Amino acid sequence: MFYANLFIYKYINAIIDSKGDIMVRKVAVLTSGGDAPGMNAAVRAVIRAGLYNGIEMYVVYDGFKGLYEGDIHQVNKDFTQDIINRGGTILRSSRFPEFKNPEIVEKAKQRLSDFDIDALVGIGGDGTFRGLNDLSKVGVKVVGIPASIDNDVSSTDFTIGFMTALNTICDCVDKIKDTSTSHQKCSVIEVMGRHCGDLAVYSSIAEAAELTVTEDHPYDEAHIMKKLRRLKSQQKGHAIVVVSENLLDVRELAKKIQAETGFDTNVEILGHLQRGGAPCAYDRILASTMGSESIHAILNDNTGVVTCLRQSKITTMKIEEALALPRDTHEASLALINELQ
Ligand code: F6P
């Protein structure tokens, strides 16, 4: 469905292009916040789509910090060679809470005008969108592209990097299952997501985890112990408990499981390995499509927006509207977990 819509989207954009008459000479791109697989594919697409449309392209290193410091460089097509498959971000990234300060935002705006840059594309999560929104409010033309392993941006069905991180988690859980089955163990696996349970929920579905704990699927100690005691008594070969980070102490939980259920229990905190690795094909295509869309938006003077994937279509939404959307609790996936576990 997504691939089919890609062709429709390209056709529509070809028509829009022929009408576009906004003079855009220079565009810059940066990556910000936690890195995500596919950021490089998005950088590549922004630069290539820009150059294809006759725009001079610039990169900013180290996110908003680099923008504030003026770490801005012109690039050509060679810059984008062999980066589509690379993990991390070649533009590097930073967390820069100082960007909340209006004077720092003004300075960043000044840096862009020093280079006569007409518009900025920012690739990152909701923190990046807030920074872009602040720039937009002081008159900078911006477009945001959602990239985060957490999938915590409500304006898009999927963020760039989520599918790769999910695949990485599944790869790890498959391996953990091999050994925990051999030794009839329970494994408590903590996954990232900040305050979003999507990595936990989707990996639980894909891995047929016995139990899942997220903000929207809260910790219920009695239920966990009862279920694991039952599985143990049924001679179940292993048990997988997936827990979203920032909710509870997984080591303490593992101790309780061991003491109360008879399952010998391991703890696996997957940590930053979830953010690394080559992006999967889905993330490369999503990043390429959104990168191209960001340039089309700028050419059509549709700025102050973020690109989105909504019901398999690539579109844009005003940043303020995107930031105001309520958090998606993925009711259907939670219902599926309840039904299948
Ligand atoms: O937002 C991506 C993410 O990996 C979250 O899942 C996690 O909570 C956070 O970043 C970790 O941030 P840092 O790498 O700055 O410790």
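We count ligands from 1, going down the list as the structure has it; atoms in each ligand are counted the same way. If you're wondering where the values come from, they're calculated on a predicted model, not measured in any experiment.
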Backbone of L132 reached by a side-chain donor or acceptor of S136 within 3.5 Å | no
Residue pairs meeting ring-ring contact (aromatic ring centres under 6.0 Å, His included), one or both in residues 121-163, sequence neighbours left out, come to F158-F162, F162-Y202
Tell me, which pairs form a side-chain hydrogen bond (donor to acceptor under 3.5 Å, both in side chains) where one or both residues lie in residues 115-127, sequence neighbours left out?
-> none
Report the residues that fulfil salt bridge (Lys or Arg N to Asp or Glu O under 4.0 Å) with K236, sequence neighbours left out, ordered by chain and then residue number.
-> E210
Pocket residues around ligand 1 (non-hydrogen, under 4.0 Å) come out as R95, I149, D150, M192, G193, R194, E245, H272, R275
Got more than 12 heavy atoms from elsewhere within 6.0 Å of CD, E103?
-> no
With distance as the sole criterion, is a donor-acceptor pair present between the side chains of D216 and T329 under 3.5 Å?
-> no
